[in-house]
Amino acid sequence: MSHHAHTIDAGSIPRLPASSLFAKLPIIGGLVGLGALGAALATGMGAAETRQQLWHSYLVAYLYWLSIALGGLFFTLVQYATRAGWSIALRRVFENVAATLPLFLVLFIPVILGMHDLYHHWLDHDVVANDPILLAKAPYLNEKFFFIRAAIYFAVWIGLALMFYRGSVAQDQTGDRTITRRLNGLSFVGIALFALTTTFAAFDWIMSLDPHWFSTMYGVYFFAGCVVGFFAFLSVITVLMRQAGHFGRFLTEEHQHDAGKLLFAFCVFWTYISFSQYFLIWYGDMPEETIFYRLRQTATWQPVSTFLVAGHFFVPFFFLMSRHVKRHRFGLLGGGLWIMLMHYVDLHWQVMPNINSEAMRHHAGHGFHLHLLDGLTFVGVGGLFLAAFGMMLGRSTLVPARDPRLAESAAFQNA
Amino acid sequence: MATLKNTINPADFDDVDYARYPDQFDPVEGRHPLILGNPSFQSVTNDVCGPAEKPMPFGWWVLFGTALMLLGLFGISIGYLVYNGTGVWGLNNPVGWGWAIVNFVFWVGIGHAGTLISAILFLFRQKWRTSINRFAEAMTIFAVMCALSFPTIHVGRIWLLQWVFPVPNQMGAWPNFRSPLLWDVFAVSIYGSVSILFWYVGLIPDLATMRDRAKTKLKQIGYGIFALGWRGSNRHWQHYEVAYLILAAISTPLVLSVHSIVSFDFAVSQLPGWHTTIFPPYFVAGAIFSGFAMVVTLMVLARKAFQLEHMMTLKHFDNMSKIILLTGSMVGYAYAMEFFIAWYSGNPYESFAFINRAFGPYAWAYWTMITCNVVSPQVFWFKKARTHIPTLFVVSIFVNIGMWFERFVITVTSLHRDFLPSNWFYYSPTRWDVASFLGSFGLFFTMMCLFVRYLPMIAIAEVKTVLPEANPHHHADAEHAPAAPSTAVAH
């Protein structure tokens, strides 16, 4: 039936060359990551105050890289659900990002170690006993149920990531088209499970840092962060891979352009969600809700809030709107790195005001600050994430070699 | 090939065996042609223009007659309301917002599918949209008209309506810019204007086609005026495509903003049940949900009445039901989050509002909403249901009902039990509430009937771009499937 086929020669399927910097990520990332984490633990495990700093810094770093991996899982699922064609050449990158999720189960151990410093409000029986609101929440916010839920989240995430990764890699060998069909069917269930698990993970791990505060939007807000963080990372990887030429003719300016469009779109989506949340709380002006923003709009946190609005929305909105910028290597590289930075600012801004929040309300000096531990944990978790990502890149071909829609993707053009 | 069309009974396409169609564009799913029956450009034009040129079928007259009667009822109920004031409605002390607001939100919601299909699906390169966008956009505009009539008559002193616009005046009186009701005026009127513009720009090439086919001078002049001198030159097309892309980009944020602002009407307050942060995206998902349901309801009727089964295919219904399932599940997610956070907040008023919804005097409305909006679309997990016209029709009606009840539940159940138990009243509509709601369907269906009577209900020019012949790789011989990049991997 095929007349003039765009035939793909099996020999032309790209693999990561051993000389590539990406191939060295496992070693470099692993060593740097372990070193930085070790240094963080060595310096942080001391007085109660530094310990608080250590675990909060670690939580931000952990959530940052986890959110990127979750974004990769989400986007993999979406590719199957929508039967996308354009993105197939890039899909192995999404799958590899998602396949790092088992690492985050291991990296969850420090969160458990630090949980009494992080979630000290609702984990302290004396505090709960004297606080009617926390007492009312105790059926949800308690140590046992917290672990059960975390186990469910990881089971869902890792299960989905590995199922889709393995299916895709198996297809490299067999070229079996039924795999595409099967994963298409699974992706819908996967998206539903993903939505519920990330929502409650956001409630458990971020919102419960201040267990009195609540927002129905918080799950969507965290989801928006995952996706925008992932597209920023994807944009950077796409540009670097194109510059290195590892993908050959499979990765073109057109794919880069689409990655940039998605980054732009989800910057706007993030803004929509975070603005809606802010705006409704501001307008309603009820103390139990405004406390979240009050903390972040006083003293040294105020400039951070302003920077977040400007840097996470206005700058990329005008910068990434241009077609030229999205198709330009430095344009999209810069845009992607900038959003990666802003995504960190966003998570830092969500988590950090909870350190010593009691003290901070009275002393401006306890407000926004960057600590050495922020840097060490960020590099530590990031190094290990990149090591895992690099390892996954080397494990299979760079593109899904025998995906039936690969040729469509390679020939894709933005009209 | 122009004659081929005549040998096909369009009703055959309801149980078409897709396996007969070889892999065309997609190697896995065999992305079948979006337009069935392998029509030529000429026959597409004939099929779409035909209904607007021939006498209308009997069913159209029945619908049009009924719609006109209901439109008359709308006029009477508005007249009675203006003469007597809003006391003719069932509003009472805690329930100051009743059916009028419910109807407003209901109609605005329906008005979301059109622009989503035209703008967002366009940006997502969803070519299947070409068969349904014209129809959905028309529906959008008429739904927005219905929506706007309710706040208009709800103001009470309708003769002072111009005060909603910030017109400089010597009294220095301005509307309250801090009120979401004023933002609604801006949001909905901008949305309405841009939707009309978008719809009209898309119509221009087709109006020119209608003009060129016109048999009478009057029609020729009538269509000619609105075709703006379109000659189909390369230059015209180039401008047209640029304008279309820009309008799509402008409309995309509007799809999200309108219903977000409508949700602010409720959510900026401090009322339990209204004040919750998830409202904006929850309302947008609900709007798309109800809009697609209405498109399905109307398209099931229109494709049958005008023999367009080969253009509005089961594939289109399959896709639309997936969107209904997705947005219905998002709405279900929002219901669940509201309930969970109402409990989690530890705020007794919040918890009460939701328990009262589900088990209070309006429990019947709440469970109607849940059944219609969350449970019924779940049948769309199955392809059989997604491509079975009677099921589609029934579920789409369920969703329409459910989404009206959602707005009723939000508006009335949150209000009817105020903080003071002495201020608790059960709200019931009066006959004038019912009359104006039914009357708005009269306005809507009158406009829909006139639309299918006078305008091409499918975007002719756009549909032609998704025909196999429009593919530059297409082979001239019609016996074969159109060639597309095939993906055999050589070893």
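Residue numbering restarts at 1 for every chain, and letters A, B, ... go by the order of the sequence lines.
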Asks: Most heavy-atom pairs under 4.5 angstrom with chain B, which of A:E289, A:K137, A:M286?
Replies: A:K137

Asks: Could you look at B:S329 and say if it's the side chain, the backbone, both or neither that has a heavy atom under 4.5 Å from chain A?
Replies: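 Neither the backbone nor the side chain of B:S329 comes within 4.5 Å of chain A.
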
Asks: Is there a ring pair (Phe, Tyr, Trp, His ring centres under 6.0 Å) between A:F200 and B:F340? Walk through the geometry before answering.
Replies: CA-CA 11 Å; A:F200 285 100; B:F340 174 73; 5.2 Å; yes

Asks: Can you tell me how far apart CZ (B:F264) and OG (A:S276) are? Round to the nearest 0.5 Å.
Replies: 5.0 Å

Asks: State, with a plain yes or no, whether a side-chain heavy atom of B:P280 is found less than 4.5 Å away from one of A:L280.
Replies: yes

Asks: If I measure from the heavy atoms of chain B, does A:L135 come under 4.5 Å with its side chain, its backbone, both, or neither?
Replies: neither

Asks: Heavy-atom pairs under 4.5 Å with chain B are the metric here; pick the option from A:E288, A:H212, A:K261, A:Q277 that has the most.
Replies: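 Among A:E288, A:H212, A:K261, A:Q277, the one with the most close pairs to chain B is A:Q277.
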
Asks: Check each atom of B:Y333 against the heavy atoms of chain A and say whether the ones under 4.5 Å are side chain, backbone, both or neither.
Replies: side chain

Asks: Are more than 12 heavy atoms, taken from residues, nucleotides or ligands other than B:W237, located less than 6.0 Å from that residue's CH2 atom?
Replies: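 Yes, because the 6.0 Å sphere around CH2 of B:W237 holds more than 12 heavy atoms from other groups.
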
Asks: Please check this pair: side chain of A:T216 against backbone of B:M337, looking for a donor-acceptor N/O pair closer than 3.5 Å.
Replies: no

Asks: B:S345, B:S257, B:S263: which one forms the most heavy-atom pairs within less than 4.5 Å of chain A?
Replies: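 Between B:S345, B:S257, B:S263, the count favours B:S345.
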
Asks: In Å and rounded to the nearest 0.5 Å, what is the CD to CZ distance from B:E350 to A:F214?
Replies: 6.0 Å

Asks: A:W86 versus chain B, heavy atoms under 4.5 Å apart: side chain, backbone, both or neither?
Replies: side chain

Asks: For A:Y278, is it the side chain, the backbone, both or neither that has a heavy atom under 4.5 Å from a heavy atom of chain B?
Replies: neither

Asks: Which residues pass the ring pair (Phe, Tyr, Trp, His ring centres under 6.0 Å) test with B:W128, not counting sequence neighbours?
Replies: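 Expected list: none.
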
Asks: Quick one: closest heavy-atom pair of A:Y272 and B:V284, and the distance?
Replies: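 So the two residues come closest at OH-CG2, 3.5 Å.
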
Asks: If you count heavy-atom pairs within less than 4.5 Å of chain B, which of A:A265, A:A81, A:S215 leads?
Replies: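 Looking at each option in turn, the highest pair count goes to A:S215.
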
Asks: So for atom NZ, which belongs to B:K127, do other residues, nucleotides or ligands contribute more than 12 heavy atoms lying within a distance under 6.0 Å?
Replies: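 Result for NZ/B:K127: open.
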
Asks: Would you mind reporting whether B:Y344 and A:L141 have side-chain heavy atoms less than 4.5 Å apart?
Replies: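 A side-chain contact exists here, since the closest heavy-atom pair is under 4.5 Å.
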
Asks: Given B:V268 and A:F279, is the side chain to side chain contact (heavy atoms under 4.5 Å, CB included) satisfied, shown in steps?
Replies: CA-CA 8 Å; B:V268 296; A:F279 178 75; 3.9 Å; yes

Asks: Is it the case that atom CZ in B:F419 sees more than 12 heavy atoms from other parts of the structure closer than 6.0 Å?
Replies: yes

Asks: As a quick check of understanding, evaluate side chain to side chain contact (heavy atoms under 4.5 Å, CB included) for A:F269 and B:L256, giving each step before the final call.
Replies: CA-CA 10 Å; A:F269 180 75; B:L256 298 173; 5.6 Å; no

Asks: Please look at B:N319 and chain A and tell me whether the side chain, the backbone, both or neither of the residue comes under 4.5 angstrom of a heavy atom of that chain.
Replies: neither

Asks: Checking heavy atoms, do the side chain of A:S409, its backbone, both or neither come under 4.5 Å from chain B?
Replies: neither

Asks: Apply the test side chain to side chain contact (heavy atoms under 4.5 Å, CB included) to residues A:Y283 and B:R178: give CA-CA distance (whole Å), side-chain angles for both, the deciding distance (0.1 Å), then the verdict.
Replies: CA-CA 10 Å; A:Y283 204 114; B:R178 274 176 276 182; 4.0 Å; yes

